[in-house]
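The structure displayed is predicted, hence computed values, not measured ones. A note on names: the letters A, B, ... follow the listed sequences, proteins ahead of strands, and every chain is numbered from 1.
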Amino acid sequence: ISLSLWAADSYPGIGRSATSKEIAAWDIDVRPDFKGLPPGSGSVAKGMLVWEGKCAMCHGSFGESNQVFTPIIGGTTRQDIQTGHVAALTGNTQPQRTTIMKLSQVSTLWDYINRAMPWNAPKTLSTEEVYAVTAYILNMAEIVPDDYVLSDKNIAEVQKRLPNRNGLQTRHGMWEVKGKPDTGNTACMKDCVKTVSISSRLPDYARNAHGDIAKQNRIIGPVRGADTLA
Amino acid sequence: ISLSLWAADSYPGIGRSATSKEIAAWDIDVRPDFKGLPPGSGSVAKGMLVWEGKCAMCHGSFGESNQVFTPIIGGTTRQDIQTGHVAALTGNTQPQRTTIMKLSQVSTLWDYINRAMPWNAPKTLSTEEVYAVTAYILNMAEIVPDDYVLSDKNIAEVQKRLPNRNGLQTRHGMWEVKGKPDTGNTACMKDCVKTVSISSRLPDYARNAHGDIAKQNRIIGPVRGADTLA
Amino acid sequence: AGVAARARAQDIGDGDPAILNLPEHSKTLGLPVASNPYGLPSRYEKNLQRRESPGLTRVGAASVSFCPLQGMFGIITANGLHFERHHQGWHDIDPQQHRLMINGLVKNPSVFTMDDIMRLPSVSRMHFIECGANTGMEWGNVAVPTVQYTHGMLSCCEFTGVPLSILLDACGIDKKRARFILAEGADGSGMTRTISIERAMDDVIVAYGMNGEMLRPENGYPLRLVVPGVQGVSWVKWLRRIEVGDMPYATKDETVHYIDLMPDGTHRQYTSIQECKSVITTPSGGQMLIDKGFFNISGIAWSGRGKVKRVDVSVDGGKNWRSARLETPILSKCLTRFNMDWVWDGGPALLQSRAIDETGYVQPQMRQLREVRGTKSIYHNNAIQSWQVAETGEVGNVHVS
Amino acid sequence: AGVAARARAQDIGDGDPAILNLPEHSKTLGLPVASNPYGLPSRYEKNLQRRESPGLTRVGAASVSFCPLQGMFGIITANGLHFERHHQGWHDIDPQQHRLMINGLVKNPSVFTMDDIMRLPSVSRMHFIECGANTGMEWGNVAVPTVQYTHGMLSCCEFTGVPLSILLDACGIDKKRARFILAEGADGSGMTRTISIERAMDDVIVAYGMNGEMLRPENGYPLRLVVPGVQGVSWVKWLRRIEVGDMPYATKDETVHYIDLMPDGTHRQYTSIQECKSVITTPSGGQMLIDKGFFNISGIAWSGRGKVKRVDVSVDGGKNWRSARLETPILSKCLTRFNMDWVWDGGPALLQSRAIDETGYVQPQMRQLREVRGTKSIYHNNAIQSWQVAETGEVGNVHVS
Ligand code: HEC
Ligand code: HEC
Ligand SMILES: [Ca+2]
Ligand SMILES: [Ca+2]
Ligand SMILES: [Ca+2]
Ligand SMILES: [Ca+2]
Ligand SMILES: [Ca+2]
Ligand SMILES: [Ca+2]
Ligand SMILES: [Co+2]
Ligand SMILES: [Co+2]
């Protein structure tokens, strides 16, 4: 590998070219078009072993646990897989939004498990294990069958079955600096509203839920913290 | 004492009038015109006792010690007492400027001892002790005789004998924001000087006098600290 | 009102013992300089610290600690109080071993040490950082008591570092094809975020300095991205890599989190900008006014789209408003401190602040946001906050309609 | 150049082990939020701390600790690094027992608790504080090695408090007779300083806040005076009293210290203003450039008379100059950070910076100051500082002629 001087013109002496091995070691991201996805495969069956051995203690055997993080599995239907829209995202049927309800890109799931899981030992899974456990999660969500072997070859097919694949949009003004805001409040100064009523206040049972507020404010100044233990 | 509401118009509820006893307790400053000086007196003889008991351990028996602070006494002459200018402030005869060489107001000495000395027990001297020990310092500097009794009545006379009473001035532009600066450098940009020579650099023996500079600089970045132990 | 007030109001006779009896510190010798080579707050300030909101998250290493805005002044956040948000915990990593890689659509994929980065041209700029989920708990009913928990995922510092544009230019960025960058962290989560190339080449900073010293470990020591005006999750900490690409990366925190659920069941993706917002910090929820009389209502305002132009304050729940004094400096994508005189007559009051930024955008009412976004979008709640002052002097977090 | 550079220059084969072998922190779980409810710098930053200059004073409680400017960024001083100067030590005093008295030429001599003061209208402003004796050791021959010791009695913070004019007005100041005020501290030294009434009614602040939190004990908790542009000794700490009077008070630190000895044997009194000054902090004395090549020369400039207008940098000892980039904000009586590109060719170099303020005043050469003031005036040395870069890369403190 030849080590060329970096930006020799503008900033002599600073930085250097990356070697291809270095890039390979760090360039781990997988894009929605699957650029970055390493070749390989893994079966649902093998994924179940990985899951039970390295994941279930936090996420539950069915990805349903709410102990360490919000549930991964649940809230999606066969119908959703058809439409690519998770119906439960409208209305109040589902108590929490699971990961699979929100997920619009299978690349995201693969990439994230590969880079960050298991939470306490990230970047320790083999490529096969990542394929396998991703397959198993997809299987738990009934997106792929029990005998499925997920691979770089068929992952684009899976994408087409993600329950919420059509659920994300960018029709808003909050990405671009010049984007159009949702609301248009006015800077009225006098007699702006007739009556004001209180629509919500802290419930009494929650008064001390954040600890004694008296101990969270300065002991001098214009105010004291309310003694919420009293 | 009637306790009137303070600034009731502008800032209702904030602050209150000070009582006369409160003002007396804190308004301890003594001005050059001796406003603030409490009535009282103290002799040189008594001052010597105070000095030996409460001051000499830090400032030396003759006010000459350089251990805890620069010397208080020394460097003034009978001649200075006549002129009100300390001659030793010009030239290089005196190794250090003592307090008495610089002092232009006897009120300053009284006020400072009263508010701040002894250093480890400030504001514990009686008024008589302050008069006395001030008298003793003035005596050590040969401004007042051995049998002198300093008092609020005669302190203005002593002021007239301070060696450096005429030595301070305010002919400079550094008190007022609009004052005139001493210098007028120019913002020359090209070929401003012909030759540059080094007139002073850190002596070798002082290289490590501030400890190892390597340990006083960050371990990353454009520079490292020089290893001055090496 | 309270005990303190009654003590002050009583006849004090000769005077206050705290004056008449000189305090010990006036009559003794204090501690030497550099007793603390690195200084710390007074022991009387212990109440002001970062705190978690119980029940918000399940594990401390994938959680947030909130900034105690209820007791803070001005616009600068002291580094010790800067809010924290980690996905896989924080580390105090060895900066000598830290590297930044730039790859993707550049002529010369490169590696930089911290030495390299700190030799490059630097800028220093003051910017706020706000988590996209700040004030998220207010979308529904009132659930938290104080401004620390309603608004405390917010801090503001002077950052120093290299403009990202300098690094990208120097690596020979492919200007024709480059559309987005991916920023990636070195922590366990390998946090990744997509940033548009226009923004990346504008005011984004690869920063190592924060308020005159290095970044704190909790804030990404030795290197983080500063993306002015954009939600904190994009300010990737422990920054190890920038990739230049031609499409968004749809990372976990762009596809599963930091997506805003709309009433129609779709999620908005890449909602980056923190829109104009303000909040009164004194008096605020959970506080007790010590007495009737004069108060300085004080708060902060900010906008991810530029400078704050004006802040109005209402003490009657939005019926009438007065414009507050703005402290200087007023900087783009930075907090602005506002203050307003107020005499509390002891009756009930309803305090609100409303910021306007240089684009003319007026901070919305909660109702206006809900009309468009419903109540489940978690992120980007920049609604006007209401604090109710009761006759007892106690201030409560309320919603009005 | 040094070891680090040689390590970088050698053939790295497959690549840098720090990249090829993923670091531990990428493969493990970090610490939870609020592990430190009040955060601290990285353990790798221990070298940056406040230090005394050995031999400068005899006792630590009447001494100074210097700010480590050699490793600092931007203009804000992190509170833990703020320089210290005490005359009788520092105390962590109980703010509930602290009082401020205003007496003298006012209609209504008054007492305020901290509660009172913090209820009044507040301002927040960024200002530098510099000890009048800063750089005093440079009047003679070079005696100290680094910028920490040459210029480190300097810090810059955002201060919050009540304008003194509000307090004086509210006490009914006697505008006809008032000419000066006396400010007095509550420490053992009962530090006292005279301030002209014009200044007192202008931009002086009775401050309690510093960089968003309360003042640190070492800096006067809970109350200090902020006197923008004026030497630090006037910024009375642990402020307990303001007296309004009609003549200067000639206090110890106006009559025996902080008086500037002139060649004619007289002393200048009340030399308050810190005139326009600048210094390069990177690279600076005692540092070793790690390699040849590009560097960002960085430093700070300030003026007690207003804003910094321009900073010029020379790398040849003042023969030729280039104007540096100024970072924003540029504020009155506040530090301004400057930066300039420089390629070090490995030869000897002589670095200088020269600031110009909005009055048009140009920071003087040492020679020019000495012509007027001689070499024994201790205070107010705002001369251009020279750093010599040797071929080894080592930077030394030098004087030029
Ligand atoms: C020690 C606990 C633990 C273990 C073991 C663990 N996880 Fe996780 N997982 C977490 C936590 C906590 C998060 C949320 C992290 C965050 O805040 O970004 C998470 C997030 C996830 C997510 C993203 C969910 C979402 O909505 O953000 C996926 C997918 C996931 N884990 C899969 C796995 C897989 C697969 C394994 C095993 C190979 C595994 N996890 C092992 C704790 C764990
Ligand atoms: C424990 C040591 C100690 C004791 C005891 C002490 N002093 Fe001091 N004195 C000092 C120090 C240290 C200073 C300088 C303080 C400062 O930095 O402002 C000082 C300053 C002074 C000064 C001002 C000198 C100057 O040039 O600033 C005078 C006058 C003085 N002391 C007189 C007295 C008298 C009178 C007593 C006894 C009643 C006394 N001292 C007891 C340590 C002491
Ligand atoms: Ca190099
Ligand atoms: Ca990639
Ligand atoms: Ca199954
Ligand atoms: Ca009151
Ligand atoms: Ca007085
Ligand atoms: Ca004698
Ligand atoms: Co997240
Ligand atoms: Co002094």
Trainee: Heavy-atom cut-off 4.5 Å, strictly under: side chain, backbone, both or neither for Arg43(D) against chain C?
Mentor: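 For Arg43(D), backbone and side chain are both near chain C.
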
Trainee: Where does Pro121(D) contact chain C at under 4.5 Å (heavy atoms): side chain, backbone, both or neither?
Mentor: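 Looking at Pro121(D), backbone and side chain both touch chain C.
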
Trainee: Between Arg50(C) and Glu218(C), is there a side-chain N and carboxylate O pair less than 4.0 Å apart?
Mentor: yes

Trainee: With sequence neighbours left out, what residues match Glu184(D) under salt bridge (Lys or Arg N to Asp or Glu O under 4.0 Å)?
Mentor: Arg115(B), Arg240(D), Arg241(D)

Trainee: Taking Trp90(C) for its side chain and Pro32(D) for its backbone only, find out whether a donor-acceptor pair lies under 3.5 Å.
Mentor: yes

Trainee: Quick one: what part of Asp16(D) sits under 4.5 Å from any heavy atom of chain C, side chain, backbone, both or neither?
Mentor: side chain

Trainee: Where do Ser155(C) and Phe83(C) come nearest, in terms of heavy atoms and distance?
Mentor: OG-N, 3.1 Å

Trainee: Heavy-atom distance under 4.5 Å to chain C: side chain of Glu158(D), backbone, both or neither?
Mentor: side chain

Trainee: Measure the spacing between CG of Leu154(C) and OG1 of Thr281(C) and express it to the nearest 0.5 Å.
Mentor: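 Leu154(C) CG to Thr281(C) OG1: 10.5 Å, rounded to 0.5 Å.
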
Trainee: Between CG of Leu223(D) and CD1 of Ile117(D), what distance do you get to the nearest 0.5 Å?
Mentor: 4.5 Å

Trainee: Of the backbone (N, CA, C, O) and the side chain (C-beta and beyond), which part of Ile75(D) lies under 4.5 Å from a heavy atom of chain C, both, or neither?
Mentor: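 For Ile75(D), heavy atoms of backbone and side chain both lie under 4.5 Å from chain C.
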
Trainee: Is chain C contacted by the side chain of Asp92(D), its backbone, both, or neither, given a heavy-atom distance below 4.5 Å?
Mentor: both

Trainee: Pick from Leu22(C), Leu29(C), Asn79(C): which one has the most heavy-atom pairs with chain D under 4.5 Å?
Mentor: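 Highest number of heavy-atom pairs under 4.5 Å: Leu29(C).
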
Trainee: Please look at Leu40(C) and chain D and tell me whether the side chain, the backbone, both or neither of the residue comes under 4.5 angstrom of a heavy atom of that chain.
Mentor: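 Leu40(C) touches chain D through backbone and side-chain heavy atoms alike.
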
Trainee: Name the option with the most non-hydrogen atom pairs under 4.5 Å to chain D; the candidates are Ala186(C), Gly293(C), Ala18(C).
Mentor: Ala186(C)

Trainee: Ignoring hydrogens, what is the shortest heavy-atom contact between Trp344(D) and Asp291(D)? Give both atom names and the distance.
Mentor: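 Looks like CE3-O, 3.3 Å.
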
Trainee: Under 3.5 Å, side chain of Asp187(D) to main-chain N/O of Lys237(D), donor-acceptor pair present?
Mentor: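 No, because the side chain of Asp187(D) does not come within donor-acceptor range (under 3.5 Å) of the backbone of Lys237(D).
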
Trainee: Using a heavy-atom distance cut-off of less than 4.5 Å, which residues of residues 62-69 of chain D contact chain C?
Mentor: Ser63(D), Val64(D), Ser65(D)

Trainee: Within 45° of the axis and under 6.0 Å from the centre of the six-membered ring of Phe159(C), does NZ or CZ of Arg125(C) qualify?
Mentor: no

Trainee: Side chain, backbone, both or neither: which part of Pro23(C) has an atom under 4.5 Å from a heavy atom of chain D?
Mentor: neither

Trainee: Do Thr336(C) and Lys307(C) have side-chain heavy atoms sitting under 4.5 Å apart?
Mentor: no

Trainee: Identify the heavy atoms of Gly209(D) and Phe73(C) that sit nearest to each other, and give their distance.
Mentor: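 Minimum heavy-atom separation between Gly209(D) and Phe73(C): CA-CD1, 3.6 Å.
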
Trainee: Measuring only between side-chain heavy atoms, which start at C-beta, is Tyr208(C) closer than 4.5 Å to His98(C)?
Mentor: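 The answer is no, as the side chains (C-beta and beyond) never meet within the 4.5 Å cut-off.
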
Trainee: So which of Lys27(D), Arg216(D), Gln49(D) has the largest heavy-atom pair count under 4.5 angstrom toward chain C?
Mentor: Arg216(D)

Trainee: Sort Met126(D) into side chain, backbone, both or neither according to what part of it lies under 4.5 angstrom from a heavy atom of chain C.
Mentor: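 The side chain, not the backbone.
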
Trainee: Tell me the closest heavy-atom pair linking Arg85(D) and His87(D), and the distance in Å.
Mentor: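 It is NH2-CE1, 3.1 Å.
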
Trainee: Counting heavy-atom pairs under 4.5 Å to chain D, which of Arg337(C), Glu45(C), Gln97(C), His91(C) comes out on top?
Mentor: His91(C)

Trainee: Quick one: of Ser35(D), Gly161(D), Ser298(D), who has the most non-hydrogen atom pairs under 4.5 Å with chain C?
Mentor: Ser35(D)

Trainee: Which label fits Phe295(C) and Trp342(C): parallel for a plane angle under 30°, tilted from 30 to 60°, or perpendicular past 60°?
Mentor: tilted

Trainee: Is it true that a side-chain atom of Arg51(C) and a backbone atom of Leu48(C) form a donor plus acceptor pair closer than 3.5 Å?
Mentor: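 No, Arg51(C) side chain to Leu48(C) backbone: no donor-acceptor pair under 3.5 Å.
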
Trainee: Just so I understand: if I count every heavy-atom pair under 4.5 Å between each of Thr57(C), Asp341(C), Ile297(C), Ile19(C) and chain D, which residue has the most?
Mentor: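 The residue among Thr57(C), Asp341(C), Ile297(C), Ile19(C) with the greatest pair count is Ile19(C).
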
Trainee: Classify the ring geometry between His86(D) and Trp238(D) as parallel (under 30°), tilted (30 to 60°) or perpendicular (over 60°).
Mentor: tilted

Trainee: Given that the side chain runs from C-beta out, which part of Ser42(D) has a heavy atom under 4.5 Å from chain C: side chain, backbone, both or neither?
Mentor: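 When you check distances to chain C, atoms from both the backbone and side chain of Ser42(D) fall under 4.5 Å.
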
Trainee: Check whether Leu31(D) gets within reach of chain C through its side chain, its backbone, both or neither, counting any heavy atom under 4.5 Å.
Mentor: both

Trainee: So which residue, Cys157(D), Pro17(D), Ser122(D), Ala78(D), ends up with the most heavy-atom pairs under 4.5 Å with chain C?
Mentor: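 Looking at each of Cys157(D), Pro17(D), Ser122(D), Ala78(D) in turn, Ser122(D) comes out on top.
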
Trainee: For chain C, which of Val123(D), Val33(D), Thr282(D) has the most heavy-atom pairs under 4.5 Å?
Mentor: Val33(D)

Trainee: Mark yes or no for whether Asn296(C), through its side chain, and Asn339(C), through its backbone, hold a donor-acceptor pair below 3.5 Å.
Mentor: no

Trainee: Between Cys156(D), Gly190(D), Ala34(D), which residue shows the highest count of heavy-atom pairs closer than 4.5 Å to chain C?
Mentor: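 Looking at each of Cys156(D), Gly190(D), Ala34(D) in turn, Ala34(D) comes out on top.
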
Trainee: For Tyr221(D), is it the side chain, the backbone, both, or neither that has a heavy atom closer than 4.5 Å to a heavy atom of chain C?
Mentor: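 For Tyr221(D), the side chain is the part near chain C, not the backbone.
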
Trainee: For Ser124(D), is it the side chain, the backbone, both or neither that has a heavy atom under 4.5 Å from a heavy atom of chain C?
Mentor: both

Trainee: Given that the side chain runs from C-beta out, which part of Met101(C) has a heavy atom under 4.5 Å from chain D: side chain, backbone, both or neither?
Mentor: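 Side chain of Met101(C) only, per the 4.5 Å heavy-atom cut-off to chain D.
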
Trainee: Within a strict 4.5 Å, meaning less than it, do heavy atoms of the His82(C) and Asn211(C) side chains meet?
Mentor: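 SC-SC contact between His82(C) and Asn211(C) ruled out.
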
Trainee: May I ask you to name which of Glu24(D), His25(D), Glu327(D) has the most heavy-atom pairs under 4.5 Å with chain C?
Mentor: His25(D)

Trainee: Only pairs of heavy atoms separated by less than 4.5 Å count here; which of Gln96(C), Met72(C), Glu52(C), Arg99(C) has the most with chain D?
Mentor: Arg99(C)

Trainee: Based on non-hydrogen pairs under 4.5 Å, which of Val59(C), Thr77(C), Thr160(C) is most in contact with chain D?
Mentor: Thr160(C)

Trainee: So which heavy atom on Phe112(D) is nearest to which on Asp116(D), and how close?
Mentor: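 It is CA-OD2, 3.5 Å.
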
